[in-house]
Amino acid sequence: MKNHIDVVGQFKTDGQVTSIKPFGSGHINDSYLVTTLPENTADYVLQRINHRIFKNVPELTSNILKVTGHLRERLISPAGALGHFEVIQLIQTKAGNYFVLDEEGNYWRLFNYVRNSISYNMITDPELAREGGKAFGIFQYLASDIDASSLYEILPDFHNIATRLHNFRNTVLRNPANRAMGVEPEIDFIEARAEDMHTILRLGEQGSIPLRVTHNDTKFNNILFNNKNQAISVVDLDTVMPGYVLYDFGDAIRTGASTAPEDEADLSKVNIDLNLFEAYSGGYLEIARKFLNQTETKYLAHSAKFMTYIIGLRFLTDHLDGDRYYKIAFPGHNLQRARTQFRLLESMEQNFQKMQKIISSNV
Ligand code: GN1
Ligand code: MG
């Protein structure tokens, strides 16, 4: 990892680097944990930014600096119950920038590593779900007074279902990897629900739900916990930009209230866990009921179905496109991920009334 050591050497760090190891399970950027000695110096997370997806790294960096700076300021002000919440920080380079561009055209950045933090790809403990719900509630609350128009829209139309369906249908027609033949049931599954899945987009267009500053990638493993199972931070801030809170709620349920990992092959293991759903909703609403409007609350349960649908749609599209967007660990991985999402969505459909009841009793 000599190249990595050189890169880290360009940042203002403390201590002596002792190891740099692959870290986390993101599908987009490459992340490494950088440890240092002596014991009491900070550790870091080094990331190579996926420049094919995040095309404008200066704008991306500017958004992250603005949001983290704002959140940190609000945390210092008397914020009461948010005592143990931390905001991650971009580390400056010795030249005064916040990323490094190497000779091969790769962009690198460095964050502080939140000491002793843990993240979970999947959970079974409702207390973790409740804490997770609070964490994203707090994030949205702290970000709520950022002027949304002051942020760059880093990935335009990121959760826009009309755009995603358009791309999907185009990819089916183009059939670039010759895989459309094998996935007719999945294509039918998508089309059967396409109309209903425009609900959030329409609510936005009608002005019934406001654009706010949201996280937009609220996978449960983007929440950091301490060893007392308290949520202490949220990470992966690349997609923080104007959005609907429903997207954040739904994606956290998709990943934090499922009985199986995102790519579970045995579909009989994939279900919505209503206890986790209730706990996450309770934690989230404890914070968010202060600022959500009635329509936002009314569609929370729907948003879980929506995000499961749109992420499944994106996995399937990438499968048909020859796996160009998401990292895969084996051939067919994206198709497997899509099938897991569709099974989870079916389970949510079967439990939808219960989910709605849970939300209304927590408001
Ligand atoms: C990607 O970076 P990561 O792995 O947390 C993706 C999300 C998807 C997720 C599915 C920028 O998130 O939108 O929900 O994979 N991020 C981007 O696991 O596309
Ligand atoms: Mg991400």
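Numbering of residues begins at 1 and proceeds along the displayed sequence. Every number for a ligand or one of its atoms is a count from 1 in the order of the listing. Bear in mind the structure is a predicted one, so any value in this text is a computation, not a measurement.
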_Under a 4.0 angstrom heavy-atom cut-off, which atoms of ligand 1 come close to G26?_
4 (O)
*Which atoms from ligand 1 have a heavy atom of R254 less than 4.0 Å away?*
10 (C), 14 (O), 18 (O)
*Numbering the atoms of ligand 1 from 1, which are under 4.0 Å from a heavy atom of E262?*
10 (C), 18 (O)
*Which ligand 1 atoms are under 4.0 Å away from a heavy-atom of I28?*
1 (C), 2 (O), 16 (N), 17 (C), 19 (O)
*Should one rank I154, D217, I310, D238 by closest heavy-atom distance to atom 16 (N) of ligand 1, which comes out on top?*
D217
*Polar side-chain atom of K298 near backbone of N293 as donor-acceptor pair, under 3.5 Å*: no
*Has ligand 1 got any nitrogen or oxygen that is less than 3.5 angstrom from a nitrogen or oxygen of T239?*
no
*Parallel, tilted or perpendicular: which describes the rings of F139 and F136, with under 30° parallel and over 60° perpendicular?*
perpendicular
*Between the side chains of R314 and Y326, does any donor sit under 3.5 Å from an acceptor?*
yes
*Please confirm whether M307 comes under 4.0 Å of ligand 1, counting heavy atoms of the residue only.*
no
_Any nitrogen or oxygen of K219, side chain or backbone, less than 3.5 Å from one on ligand 1?_
yes
*Could you tell me whether ligand 1 has any atom less than 4.0 Å away from a heavy atom of I53?*
no
*So, is N216 polar-close to ligand 1, with some N/O to N/O distance under 3.5 Å?*
no
*Would you mind listing which atoms of ligand 1 come within a distance below 4.0 Å of any non-hydrogen atom of F54?*
11 (C)
_If we count only N and O atoms by modelled type, under 3.5 Å, do the side chains of D30 and N50 hold a donor and an acceptor together?_
no
*Sub-4.0 Å atoms of ligand 1 with respect to non-hydrogen atoms of D236*: 2 (O), 3 (P), 5 (O)
*asked:* Applying the salt bridge (charged side-chain N to carboxylate O under 4.0 Å, His left out) criterion to E349, which one of K305, R343, K354, R193 satisfies it?
replied: R193
*Please determine, by modelled atom types, if N271 and S258 share a side-chain donor-acceptor pair under 3.5 angstrom.*
no
*Hey, does R337 sit under 4.0 Å from ligand 1 if you only count heavy atoms?*
no
*In terms of side-chain heavy atoms, does D248 have a donor or acceptor partner in Q140 at a distance below 3.5 Å?*
yes
*Do H215 and D236 get their side chains close enough for a donor-acceptor pair, meaning under 3.5 Å?*
no
*asked:* Assess the residue pair D145 and H70 against the criterion (side-chain hydrogen bond (donor to acceptor under 3.5 Å, both in side chains)); give the C-alpha distance rounded to whole Å, side-chain angles, the decisive distance to 0.1 Å, and a yes or no.
replied: CA-CA 9 Å; D145 58 345; H70 181 90; 2.6 Å; yes
*Please determine, by modelled atom types, if Q47 and S31 share a side-chain donor-acceptor pair under 3.5 angstrom.*
yes
*Hey, which atoms in ligand 1 end up nearer than 4.0 Å to a heavy atom of Y325?*
11 (C), 17 (C), 19 (O)
*Considering only heavy atoms, does F315 approach ligand 1 within less than 4.0 Å through its side chain, its backbone, both, or neither?*
side chain
*asked:* What I want to know is whether S25 and ligand 1 share at least one N or O pair that is separated by under 3.5 angstrom.
replied: no
